[in-house]
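Worksheet: one structure, shown below.
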2 protein chains.
Amino acid sequence: MAESMTANKVQEGKINRCRTMDLIRTRPGVSRIEAAEALGLNRSTLTHIVNDLLASGFVAEEQLPSASGRGGRRPIGLKLTPFYLLGIEWQSRFIRITLCTLSGEAVYHKQVDTVSYGRSEFIRVVKEHIEILEKKFGCRICGAGIGLPGRINPHRGIVIESRPLEISSLPLAEELYEALGIPVLIENDANCFAWGEIEERKEFGGNLLCMLLEFHSSPESRNWDQEVGMGIVSRGSVYHGSNYAAGELPAAGGSADGRSLVLRNLKDRSSEEALEYCRTLFSSLEPVISVLDPEILILGGDFSFHRALFEPALKELLSRPWTFSGKGVWEVARGAASFFAKTIFTLPGFNDDALYRGGWEEVLHHKEER
Amino acid sequence: MAESMTANKVQEGKINRCRTMDLIRTRPGVSRIEAAEALGLNRSTLTHIVNDLLASGFVAEEQLPSASGRGGRRPIGLKLTPFYLLGIEWQSRFIRITLCTLSGEAVYHKQVDTVSYGRSEFIRVVKEHIEILEKKFGCRICGAGIGLPGRINPHRGIVIESRPLEISSLPLAEELYEALGIPVLIENDANCFAWGEIEERKEFGGNLLCMLLEFHSSPESRNWDQEVGMGIVSRGSVYHGSNYAAGELPAAGGSADGRSLVLRNLKDRSSEEALEYCRTLFSSLEPVISVLDPEILILGGDFSFHRALFEPALKELLSRPWTFSGKGVWEVARGAASFFAKTIFTLPGFNDDALYRGGWEEVLHHKEER
DNA sequence: CTTTGTTTGTTGATTGTTTCAACAAACAAT
DNA sequence: ATTGTTTGTTGAAACAATCAACAAACAAAG
């Protein structure tokens with residue numbers, strides 16, 4: 001996969017085409033003028049670029065409901081022609097699948113509970129869904145973003161280590177590409193959450209801290225375990241650290257005094273227990289939050305699923321701005337789709353050996369060819 | 001200062017001129033071909049760009065000692081024409097001044113101990129030095145980078161809050177520009193340290209954690225205090241957080257149990273005391289380091305000044321790669337110079353209201369005009 | 001219904017950057 | 001002297017972005 005790509009300088013000259021596509025994707029219905037202002041380009045530059053994109057078929061015009069204000073020519077809205085992709089959360093006990101547009105709208109949700117940890121079952125389930133969904137929605141799916149627990153190298157598509165899924169040192173993206181027949185990007189689950197929030201919360205400047213509380217079934221004990229993963233957003237992009245281990249706590253949720261933090265079976269827990277749990281957790285997290293100085297703390301996963309349980313504790317303990325994630329339990333799956341979209345619509349600087357560094361052109365053309 | 005600058009899109013087209021200048025700065029003696037490879041440009045593009053730069057007088061050629069290997073035309077080295085700038089560390093009790101080239105070599109060091117906390121004394125001292133140094137070295141100083149403790153907004157040149165220097169909410173860079181007559185950039189001291197390490201350690205990929213231990217004289221108690229500041233390097237650039245408070249610990253050096261961490265008068269301390277101090281410090285820092293996943297931890301300030309005292313403790317406590325800073329006590333001052341150089345040789349994306357967003361052309365021309 | 005003013009979008013000429021391909025220069029080894 | 005190799009240059013061509021003038025589309029006032 002990922003053909004030769006000429007040389008080093010992928011397509012420096014097409015940066016503004018790429019930025020335009022990304023803008024149209026994230027703000028469907030923008031006019032040429034608005035786009036020009038947003039991108040800092042001349043009106044005529046946008047006319048040229050949009051003409052190219054219209055001709056290539058990736059962009060379409062749409063009638064806008066009404067004129068903007070007082071007089072003047074009615075602007076013409078721009079939107080992507082409909083492309084769909086999968087956003088998937090892969091945990092040891094379940095798979096959550098969403099079908100999304102490139103703009104991030106989810107048109108389909110499905111959770112599948114699984115019994116084995118194997119990749120074969122995962123592949124089978126996803127393959128089935130691709131077939132069903134392409135029929136049901138009459139579309140070609142152009143790719144999939146997959147969020148999974150553990151240390152993931154999303155640029156090369158390698159799982160460095162995932163204990164819940166019992167995988168280590170595996171070029172998973174390539175394997176899935178061959179098995180599924182569509183481009184695949186993989187990323188850590190908490191980071192997927194973070195990618196989703198980047199797209200969701202444009203009102204913020206680009207420094208977020210996304211905390212994901214997730215149940216895992218640990219292979220050794222065959223028992224429920226909890227893990228807190230953090231997605232760090234720095235300057236509008238997810239921070240991976242030097243070993244793709246950023247956001248991981250020293251001992252999973254372990255406190256300094258060795259007391260276990262596991263809070264089994266969240267249903268039927270008292271708010272006192274939740275408070276105690278959160279107190280221990282956030283006492284070791286306080287310096288982290290302080291040092292990272294995020295604009296806002298976003299809590300997802302089981303934090304937001306059991307929000308009634310956690311809310312009083314969090315209100316008491318957190319001094320900085322914070323909020324629950326807004327997408328129910330689908331943050332990771334939908335975030336994985338956001339990650340996929342964001343990646344192919346952002347030219348990856350000089351990141352030579354990344355997957356799909358040809359950007360959206362490579363991926364969307366691929367869709368048509370298969 | 002900082003003239004109109006036409007509009008939004010400063011000079012998108014001159015990115016590669018800028019990148020070329022930065023490369024010549026950081027790798028004096030590069031040939032055109034090497035530069036072309038490093039920047040991902042065509043050979044002829046570099047010929048064009050270098051011709052411009054030669055004509056404008058900012059770059060000069062130099063004879064290289066010998067040919068590279070087996071045959072072929074001897075490459076011509078490129079270097080910047082000599083420009084000097086000041087790198088300054090401003091603490092409550094002393095000022096450290098260095099004179100550096102734009103490539104980061106320091107040609108002069110001087111520490112001045114001060115009695116008052118006031119800006120007037122600082123200005124007087126620096127002004128004197130500018131005069132003396134320009135005579136002594138027969139050069140024009142083209143700017144100054146200044147590192148100081150507290151929360152600093154380097155983009156706008158504002159001190160948000162500096163308790164050691166008793167300053168808050170002050171546009172310091174502008175004030176100093178008018179007082180000193182040269183372009184001034186200010187930045188947090190730990191962050192200056194980090195900027196210096198970015199330039200120094202090119203062997204690393206861009207995720208460092210720089211820890212600076214510094215004495216301060218706190219105005220209230222008129223007593224010695226210590227503070228640990230962290231400079232976070234993410235993807236090759238210093239991370240500032242959302243309120244320019246990144247790298248600050250909750251209560252300055254305070255541990256969870258409220259025990260004071262202050263270790264007065266580092267001379268005549270035992271290694272047991274140092275171990276105890278470090279143990280408390282790093283127990284709250286462990287999650288921070290783990291979550292940031294840096295390639296290496298770099299310890300500076302009084303850590304490296306009293307390295308004999310701290311080394312055994314650090315060897316015992318730190319499991320990740322770490323090292324002492326290599327520049328003695330001059331990390332902050334020289335790092336401030338690196339910060340200045342790095343800033344003017346890097347076109348600041350779309351950071352509209354930053355100082356000197358005209359880049360090196362604005363600053364270096366300014367030097368000639370005054 | 002016409003006029004005026006406003007905003008959106010287009011057009012063609014122009015500028016500037018980058019590349020390509022061919023060539024010249026400089027050097028080592030045979 | 002010849003050959004091969006590497007560095008650097010040149011002019012034509014491709015391309016992207018801008019500017020200024022213009023056309024299109026619309027609202028509101030007369």
Side-chain angles (χ1 to χ4, degrees), chain A residues 5-21 23-24 27 29-56 59-78 347 350 361, chain B residues 5-21 24 29-56 59-78 347 350 361:
Chain A
M5 247 345 93
T6 59
N8 192 355
K9 298 260 310 167
V10 191
Q11 309 130 298
E12 180 72 28
K14 290 186 178 169
I15 277 187
N16 285 330
R17 250 164 207 72
C18 205
R19 295 207 299 148
T20 305
M21 280 292 276
L23 189 78
I24 295 174
R27 277 169 59 180
V30 279
S31 71
R32 291 162 171 80
I33 302 301
E34 287 171 324
E37 275 162 15
L39 300 174
L41 298 172
N42 192 289
R43 301 131 66 95
S44 77
T45 307
L46 246 104
T47 296
H48 289 308
I49 291 175
V50 169
N51 282 348
D52 275 11
L53 296 174
L54 287 171
S56 68
V59 165
E61 295 186 333
E62 95 191 309
Q63 186 87 317
L64 285 185
S66 77
S68 56
R70 59 218 176 286
R73 174 171 172 174
R74 167 179 295 174
I76 304 164
L78 300 170
L347 270 188
F350 290 174
E361 281 185 302
Chain B
M5 247 345 92
T6 58
N8 192 356
K9 299 260 311 166
V10 191
Q11 309 131 298
E12 181 72 28
K14 290 186 179 169
I15 277 188
N16 285 330
R17 251 165 206 71
C18 206
R19 294 207 300 148
T20 305
M21 281 292 277
I24 296 174
V30 279
S31 70
R32 291 161 171 82
I33 301 301
E34 288 173 323
E37 275 164 16
L39 301 174
L41 298 172
N42 191 290
R43 302 131 67 94
S44 78
T45 308
L46 247 106
T47 296
H48 289 308
I49 291 176
V50 170
N51 281 348
D52 274 13
L53 295 175
L54 287 170
S56 68
V59 165
E61 295 186 331
E62 93 190 312
Q63 186 87 321
L64 284 185
S66 77
S68 55
R70 61 218 176 283
R73 175 171 171 176
R74 166 179 295 174
I76 304 164
L78 300 170
L347 270 188
F350 291 173
E361 282 186 302

Rounded off to whole Å, could you give me the [atom1]-to-[atom2] distance for the [X] and [N] pair?
| X | N | atom1 | atom2 | answer |
| --- | --- | --- | --- | --- |
| B/D52 | C/dT15 | CG | P | 16 Å |
| B/R74 | C/dA24 | CZ | C1' | 18 Å |
| B/N51 | D/dG8 | CG | P | 12 Å |
| A/E34 | C/dT8 | CD | P | 8 Å |
| B/L41 | C/dC20 | CG | P | 11 Å |
| A/I49 | D/dC15 | CD1 | C1' | 12 Å |
| A/I76 | D/dA23 | CD1 | C1' | 13 Å |
| A/L64 | D/dA25 | CG | P | 15 Å |

Should [X] be listed as having a side-chain N or O under 4.0 Å from OP1 or OP2 of [N]?
| X | N | value |
| --- | --- | --- |
| B/N16 | C/dT18 | yes |
| B/S31 | D/dG8 | yes |
| B/R32 | D/dT9 | yes |
| A/N42 | D/dC19 | yes |
| A/T47 | C/dT10 | yes |
| A/T45 | D/dA16 | no |

Next on the checklist: Please check this pair: side chain of B/E37 against backbone of B/E34, looking for a donor-acceptor N/O pair closer than 3.5 Å.
Outcome noted: no
Next on the checklist: Donor-acceptor pair, distance only, cut-off 3.5 Å: does the side chain of B/T20 make one with the backbone of B/N16?
Outcome noted: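 Between the backbone of B/N16 and the side chain of B/T20 there is a qualifying donor-acceptor contact (under 3.5 Å).
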Next on the checklist: Check this for me: does the side-chain of A/R73 come within 3.5 Å of the base of C/dT8 through a donor and an acceptor?
Outcome noted: yes
Checklist entry - When rounded to the nearest 0.5 angstrom, what is the spacing between CD1 in A/I33 and CZ in A/R43? => result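 Separation between the atoms: 4.5 Å.
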Next on the checklist: For the CZ atom of B/R19 and the CD1 atom of B/I49, what is their distance to the nearest 0.5 Å?
Outcome noted: 8.5 Å
Checklist entry - Which one is paired to C/dT30, where only Watson-Crick or G-U wobble pairs with both distances under 3.5 angstrom count? => result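 The answer is D/dA1, by the H-bond criterion.
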Next on the checklist: Can you give me the closest heavy-atom contact between B/L64 and B/P75, atom names plus distance?
Outcome noted: CD1-O, 3.7 Å
Next on the checklist: Nearest to the B/H48 side chain among D/dG8, D/dT10, C/dG9, which nucleotide is it?
Outcome noted: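 Selected nucleotide (nearest to the side chain): D/dT10.
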